[in-house]
S.K.: 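Quick one: this structure, given as structure tokens, is what I'll be asking you about.
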Protein chains: 2
Amino acid sequence: MGKAMRENGKAIQRLREVGLRPTRQRVELASVLFKGEDRHVTAESLYEEASQLGLRISLATVYNTLHQFTHAGLLRQVIVDAARGYFDTNTGDHQHFFLEDEGALIDIPGDQISVAGVPTPPNGLAVDRVDVVVRVKRA
Amino acid sequence: MGKAMRENGKAIQRLREVGLRPTRQRVELASVLFKGEDRHVTAESLYEEASQLGLRISLATVYNTLHQFTHAGLLRQVIVDAARGYFDTNTGDHQHFFLEDEGALIDIPGDQISVAGVPTPPNGLAVDRVDVVVRVKRA
DNA sequence: CAATAGTTTAGAATTGCTCTAAACTACTTG
DNA sequence: CAAGTAGTTTAGAGCAATTCTAAACTATTG
Ligand SMILES: [Mn+2]
Ligand SMILES: [Mn+2]
Ligand SMILES: [Zn+2]
Ligand SMILES: [Zn+2]
């Protein structure tokens, strides 16, 4: 029994838990995304990576799957760049460094950073999330 | 002497100060942008507004002008939505509520909100800016 | 095993934005 | 105050990221 196969087993279980049919494409993408450490991907970068690994999945499916995983709570979206959407396998409370030169994201643990003094939202609105982006550049 | 004409006078002065030729298009857009209170616009929304006012300016010029004003320090860009770029007439230190349902921005004064515990950036990098976006939704 | 509901896909479409290069105009200089 | 020229505007083409469409496919259920 290969390593990929065991990874796929875990992915299938995970997909069932959140109510998504474990299709070949979803299982393969979940295996790639959740295999090792937390990571940040774009649709295009994940499509590239999957293609490199020999997985045959269309770009449209990568987009669909990223959104489905996000709705299911397996991923979260990070908005740091007006040109490109990022998806994050770390769904816990945390913030980001954004390396503007290379377009890379680095996690900042949620308990390390704190935002104080957020005013009460305008009437009828509730805070959904507070995002902190620390934009960094070559010194 | 009409009100618009006085507005234009101020706009011309302002453009000269930052080294931009006061062309008809730049003067008109500056008048619209800096007439009253601080505001947040998208290229499309400003183009719409100018058109409504009978100002004849192409969309390409609106894009060019927004970028030129930003480089000149008259505007700043705000990244809150992966699909659309926002420009802000308030260039001072402040943060934002983002109303996800309507795509609107509301300023939070910079002295009201504070971010503590930002870690030292990775080697060779320096903090350019710390952005806080408070995403709010219908309660 | 059907039947069916959900999924994938190629390719077209859409969106927000940038580029090109030709026409135009603000500023300089004689 | 005429050129001259450097900078500006613009229509339209082009582009990159993303979404849509609708026909082919597949996981699940009975
Ligand atoms: Mn969006
Ligand atoms: Mn886009
Ligand atoms: Zn992250
Ligand atoms: Zn603002």
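Sequence lines set the chain letters: A, B, ... in the order given, protein chains first and strands last, and positions in each chain run from 1.
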S.K.: What's the closest nucleotide to the A:R26 side chain, out of C:dT7, C:dC17, D:dT18?
M.R.: C:dT7

S.K.: Could you run through nucleotides 24-30 of chain D and give me one letter per nucleotide, 5' to 3': B if any protein heavy atom sits under 4.0 Å from the base, S if only the sugar-phosphate is that close, - if neither?
M.R.: ---BS--

S.K.: Distance check needed: C:dT25 P versus B:L15 CG, whole Å only.
M.R.: 18 Å

S.K.: Test salt bridge (Lys or Arg N to Asp or Glu O under 4.0 Å) on A:K137 and A:D101 and set out the steps.
M.R.: CA-CA 6 Å; A:K137 279 181 169 167; A:D101 302 312; over 6 Å; no

S.K.: Nearest to the side chain of B:A60, which nucleotide is it out of D:dA11, C:dT9, C:dG16?
M.R.: D:dA11

S.K.: Expressed in angstrom and rounded to an integer, what is the separation of A:Q68 atom CD from D:dT19 atom P?
M.R.: 12 Å

S.K.: Hey, does the side chain of A:Y63 come within less than 4.0 Å of D:dT19's phosphate (OP1/OP2), counting only N and O?
M.R.: no

S.K.: Distance check needed: C:dG16 P versus B:Y86 OH, whole Å only.
M.R.: 10 Å

S.K.: If only side-chain N and O atoms of B:S58 are considered, is one of them under 4.0 Å from the OP1 or OP2 phosphate oxygen of D:dT10?
M.R.: yes

S.K.: Atom CG of A:L66 to atom P of C:dT8: distance rounded to whole Å?
M.R.: 12 Å

S.K.: Evaluate the criterion side-chain hydrogen bond (donor to acceptor under 3.5 Å, both in side chains) for residue pair A:H40 and A:D107; output intermediate values, then yes/no.
M.R.: CA-CA 9 Å; A:H40 305 97; A:D107 283 348; 2.9 Å; yes

S.K.: Rounded to whole Å, how long is the line connecting atom OH of B:Y47 with atom P of C:dG16?
M.R.: 14 Å

S.K.: Can you tell me if A:H67 touches the phosphate of D:dT19, counting only side-chain N or O atoms and a distance under 4.0 Å to OP1 or OP2?
M.R.: yes

S.K.: May I ask you to check whether B:Q25 and B:R56 show a side-chain donor-acceptor distance below 3.5 Å?
M.R.: no

S.K.: Measure from CG on B:N64 to P on D:dT9 and round the result to the nearest Å.
M.R.: 7 Å

S.K.: Regarding A:D88 and A:H94, do their side chains bring together a donor and an acceptor under 3.5 Å, going by distance alone?
M.R.: yes

S.K.: Whole angstrom is fine here: how far is it from CG in A:L55 over to P in C:dT9?
M.R.: 11 Å

S.K.: Please figure out whether A:G19 or B:G85 has its closest DNA chain C nucleotide nearer the 5' end.
M.R.: A:G19

S.K.: Do other residues, nucleotides or ligands put more than 12 heavy atoms under 6.0 Å from B:Q77 CD?
M.R.: yes

S.K.: Using whole Å, what does the distance between atom C1' of nucleotide C:dC24 and atom CZ of B:R56 come to?
M.R.: 14 Å

S.K.: Let me confirm one number: the CZ-OG1 distance from B:F87 to B:T70, rounded to the nearest 0.5 Å.
M.R.: 4.5 Å

S.K.: Around A:R24, counting heavy atoms of other residues, nucleotides and ligands shown, do more than 12 lie under 6.0 Å from its CZ?
M.R.: yes

